[in-house]
Structure formats: C-alpha cells, structure tokens
A.B. asks: 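Can you keep this structure in mind? I'll have questions shortly.
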Amino acid sequence: MENHFDKRLDPTLLVDGAKSVVSLLLNYYPSEFQRADSYKISKYAYGQDYHYVIKEKLKALLFSIQEQIGEVSGRAFVDSAPVLDKAWAAKSGLGWIGKNSNLITQKVGSFYFIAELIIDLDLEYDTPTTDHCGTCTACLDACPTQAIIAPYQVDGSKCISYYTIELKDNLPYDMKGKLDDWAFGCDVCQDVCPWNRFSKPHNEPLFDTNPELLSFSKKDWEEITSETFQKVFKNSPLKRTKFEGLKRNLNFLK
C-alpha cells in the first residue's frame with residue numbers, strides 16, 4: 001500500500017486518460033453454509049475464486065459499453081492493483097464504510113465483492129450516501145482478537161484474516177485459542193452486523209458452495225491430504241494460502 005500510494009489516489013496513473021471510476025458490487029452471500037462442527041472459512045471462499053469470475057463480467061461490461069457508445073478505453077480491477085475500492089464505492093453512493101471498515105449497504109448488507117472499471121469517458125457522477133452505523137458497536141464487541149481498535153479503525157495486523165491468509169510465518173502463540181475456529185479468513189464482524197439481516201443469497205452459480213465443503217467436519221479438515229486439497233479447492237480462493245498454510249492454521253486451531 002505504501003509503495004503505490006500515489007496510484008491509489010490518482011486513477012490516471014493506472015489508466016491513461018481516465019475520467020471516471022465505475023464501482024460495482026457483486027453479492028456472494030451463500031444459500032448453504034458449513035456444518036456447525038467444522039473449522040470455518042470465509043463465505044467469499046465457498047465457491048470459485050472471485051477474481052476470475054468478476055474479471056470476465058467486467059470485460060463483458062466494457063465490451064457492452066464500447067458497442068453502445070463507441071471507442072472507450074478502460075481497465076478492469078478486482079483486487080488486482082492499488083485501487084481504493086471501498087473508498088471509490090462509498091464516494092459513488094453504493095454504501096458507507098462501516099465501523100468494521102467494510103462497505104455496508106442498507107438494503108443488502110456487506111457480503112459483496114467490490115470491483116471497478118476505470119474508463120476514459122465522462123459520466124454523470126453519483127454522490128455519497130450517509131453513514132447508518134449509529135451508536136451500534138456490535139462489530140467492535142464481537143471481534144475475537146480486538147482488531148477493530150476504534151470505530152472505523154482496524155489494526156490489520158491483529159485481524160484473523162491476516163493471520164490465516166497473509167501471514168507467512170508461524171502464527172503468534174498469544175493468539176492461541178483466540179481464532180474462533182477460523183481456518184481461512186473471518187466473517188465475525190459481518191455476521192454480527194445488523195444490516196446483514198437483509199442479506200440475500202447470490203444468483204451466481206460459480207459462487208455456489210462446494211458440496212464437499214458442506215460435508216467437512218473438524219476431523220475431515222484435520223485429516224485433509226494434499227491430494228484432497230488440490231481436488232476440492234482447485235479453483236478456490238483457499239489456494240491463496242496453499243496446502244501448507246492451511247495445515248499450519250488447522251494445527252494451530254487444534
């Protein structure tokens with residue numbers, strides 16, 4: 001983030017001649033969930049890797065714009081460059097950034113991927129919406145590692161998602177017993193958010209919950225082999241942590 005701070009602030013450094021950021025959301029809230037006696041993974045990882053799914057949709061959108069308007073140049077972004085996705089989405093009125101630092105919408109909560117098209121086309125711009133977190137502190141109170149150190153302020157180095165996905169070293173011993181059975185990512189601050197009672201199941205087949213994942217118990221996770229990992233999570237976001245990283249997490253949770 002520090003290395004490319006200027007690009008986060010100025011989209012013209014990412015796309016020559018950029019005039020507009022088109023922010024988009026795609027629902028990933030599942031209709032089927034892991035069994036209760038299982039180690040947990042974030043809901044966004046229940047199906048196929050969102051990077052590839054959304055990138056194809058953005059390419060189709062850009063092609064449609066070009067068909068209808070003419071020559072329009074642009075670039076699609078899905079966590080693939082230094083883009084302030086939540087900030088742009090909030091500025092465009094898609095939602096507000098909540099006390100858990102996630103983008104929240106009044107009608108459907110926060111279980112959404114954020115993506116962008118940055119294009120060289122002038123548009124009529126939307127305006128930000130208002131904050132509707134009010135006096136609620138559910139996310140701060142529920143965070144197992146107290147990573148939300150103040151409203152709207154998250155210490156990423158304390159987040160379970162950081163520990164289980166980004167951290168390449170051994171998990172710190174003082175976190176033993178605090179990861180709440182999360183083996184990959186964490187949804188706690190979203191699960192407790194009152195606005196997510198309005199979440200509706202997605203309609204993207206590629207995000208459907210892997211049937212084998214639904215059957216996994218803690219024992220199944222603990223006995224998982226490299227071959228099973230490669231088979232079950234072939235096109236899954238879990239490949240980010242690799243088999244060795246997943247086993248490290250599971251051993252830490254025992």
Side-chain angles (χ1 to χ4, degrees), residues 1-29 42-45 47-98 100-133 152 154 156 190 193 195-196 198-208 235 237 240:
M1 291 176 72
E2 290 177 355
N3 291 344
H4 302 286
F5 190 71
D6 54 340
K7 292 181 180 179
R8 291 178 181 274
L9 299 178
D10 185 359
T12 62
L13 298 177
L14 293 169
V15 177
D16 289 338
K19 295 180 179 178
S20 298
V21 177
V22 182
S23 289
L24 306 108
L25 304 181
L26 185 62
N27 181 20
Y28 65 84
Y29 191 73
S42 285
K43 296 176 187 65
Y44 80 83
Q48 294 191 24
D49 193 324
Y50 65 95
H51 294 90
Y52 306 110
V53 176
I54 297 177
K55 207 65 174 279
E56 290 304 310
K57 293 180 184 295
L58 291 177
K59 288 179 184 176
L61 175 59
L62 181 57
F63 180 72
S64 176
I65 292 172
Q66 292 166 336
E67 273 195 323
Q68 295 183 49
I69 296 176
E71 187 174 341
V72 176
S73 295
R75 185 178 165 193
F77 296 91
V78 190
D79 285 348
S80 53
V83 177
L84 290 170
D85 50 6
K86 286 185 282 189
W88 292 123
K91 194 167 185 177
S92 70
L94 289 177
W96 72 95
I97 297 177
N100 59 6
S101 85
N102 287 310
L103 187 83
I104 304 174
T105 65
Q106 271 188 292
K107 293 183 178 179
V108 283
S110 64
F111 287 103
Y112 273 76
F113 296 119
I114 306 174
E116 297 81 26
L117 274 181
I118 298 181
I119 55 178
D120 62 349
L121 181 67
D122 275 318
L123 299 171
E124 292 184 22
Y125 303 120
D126 296 299
T127 55
T129 186
T130 50
D131 185 309
H132 296 278
C133 282
Y152 311 102
V154 175
Q190 295 194 85
C193 177
W195 290 107
N196 277 322
F198 300 116
S199 297
K200 300 178 180 68
H202 64 77
N203 58 7
E204 172 51 67
L206 295 176
F207 291 159
D208 285 347
N235 299 311
R240 174 93 176 261

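Only this structure's heavy atoms are used, side chains among them; waters, hydrogens and symmetry mates stay out.
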A.B. asks: Check Gly98 against Cys133 and note the closest heavy-atom contact, atom names and distance.
C.D. replies: CA-SG, 3.6 Å
A.B. asks: Can you find a pair of side-chain heavy atoms, one from Tyr152 and one from Asp131, that are under 4.5 Å apart?
C.D. replies: yes
A.B. asks: Restricting to ring-ring contact (aromatic ring centres under 6.0 Å, His included), what partner residues turn up for His51, sequence neighbours left out?
C.D. replies: none
A.B. asks: Tell me, do Leu103 and Leu25 make a side-chain contact under 4.5 Å, heavy atoms counted?
C.D. replies: yes
A.B. asks: Measuring from atom CG of Leu94 to atom OG1 of Thr105, what distance do you get when rounded to the nearest 0.5 angstrom?
C.D. replies: 9.0 Å
A.B. asks: Using modelled atom types and a 3.5 Å cut-off, is there a donor and acceptor pairing between side-chain atoms of Asn27 and backbone atoms of Lys200?
C.D. replies: yes
A.B. asks: What residues form a side chain to side chain contact (heavy atoms under 4.5 Å, CB included) with Leu117, not counting sequence neighbours?
C.D. replies: Val22, Leu58, Leu61, Leu62, Ile65, Ala76, Ile119
A.B. asks: What pairs of residues pass the salt bridge (Lys or Arg N to Asp or Glu O under 4.0 Å) test when at least one of them lies in residues 56-70, not counting sequence neighbours?
C.D. replies: Glu56-Lys59, Lys57-Glu204
A.B. asks: Do you know which two heavy atoms are closest between Pro237 and Gly47, and how far apart they sit?
C.D. replies: CD-O, 3.6 Å
A.B. asks: Check step by step if side chain to side chain contact (heavy atoms under 4.5 Å, CB included) holds for Gln106 and Trp96.
C.D. replies: CA-CA 9 Å; Gln106 271 188 292; Trp96 72 95; 3.7 Å; yes
A.B. asks: Which distance, rounded to the nearest 0.5 Å, do you find between the NZ of Lys55 and the CG of Asp49?
C.D. replies: 11.0 Å
A.B. asks: As an exercise, state the distance from CD1 of Ile114 to CG of Leu26, rounded to the nearest 0.5 Å.
C.D. replies: 11.5 Å
A.B. asks: Can you find a heavy atom in the side chain of Tyr28 that is under 4.5 Å from one in the side chain of Tyr50?
C.D. replies: no
A.B. asks: Which residues satisfy the ring-ring contact (aromatic ring centres under 6.0 Å, His included) test with Tyr112, sequence neighbours excluded?
C.D. replies: none
A.B. asks: Do Phe113 and Phe207 make the cut of ring centroids closer than 6.0 angstrom?
C.D. replies: yes
A.B. asks: Could you tell me whether a side-chain N or O of Asn235 sits under 3.5 Å from a main-chain N or O of Gln48, the two making a donor and an acceptor?
C.D. replies: no
A.B. asks: Treating Lys86 as the side-chain partner and Ser101 as the backbone partner, does any N or O pair qualify as donor plus acceptor under 3.5 Å?
C.D. replies: yes
A.B. asks: Tell me, please, which residues at least two apart from Lys43 pass salt bridge (Lys or Arg N to Asp or Glu O under 4.0 Å).
C.D. replies: Asp187, Asp191
A.B. asks: Any non-hydrogen side-chain atom of Ser73 less than 4.5 Å from a side-chain atom of Val15?
C.D. replies: no
A.B. asks: Would one find more than 12 heavy atoms of other residues, nucleotides or ligands at under 6.0 Å from atom CZ of Phe198?
C.D. replies: yes
A.B. asks: If I take atom SG from residue Cys193 and atom CD1 from residue Ile104, how far apart are they, to the nearest 0.5 angstrom?
C.D. replies: 4.0 Å
A.B. asks: For atom CG of Asp122, decide whether the heavy atoms of other residues, nucleotides or ligands shown that lie under 6.0 angstrom number more than 12.
C.D. replies: yes
A.B. asks: Find the distance between OG (Ser42) and CD (Gln190) and round it off to the nearest 0.5 Å.
C.D. replies: 8.0 Å
A.B. asks: Hey, mind stepping through Phe77 and Leu14 against side chain to side chain contact (heavy atoms under 4.5 Å, CB included) and telling me if it holds?
C.D. replies: CA-CA 10 Å; Phe77 296 91; Leu14 293 169; 4.1 Å; yes
A.B. asks: Indicate yes or no: at least one non-hydrogen side-chain atom of Ser20 is less than 4.5 angstrom from one of Tyr125.
C.D. replies: yes
A.B. asks: Using side-chain heavy atoms (C-beta onward) and a distance below 4.5 Å, is Asp120 in contact with Val72?
C.D. replies: yes
A.B. asks: Checking Thr130 now: which residues fulfil side chain to side chain donor-acceptor pair (under 3.5 Å) with it, not counting sequence neighbours?
C.D. replies: His132
A.B. asks: Quick one: does Asn196's side chain have a donor or acceptor within less than 3.5 Å of a partner on Ser110's backbone?
C.D. replies: yes
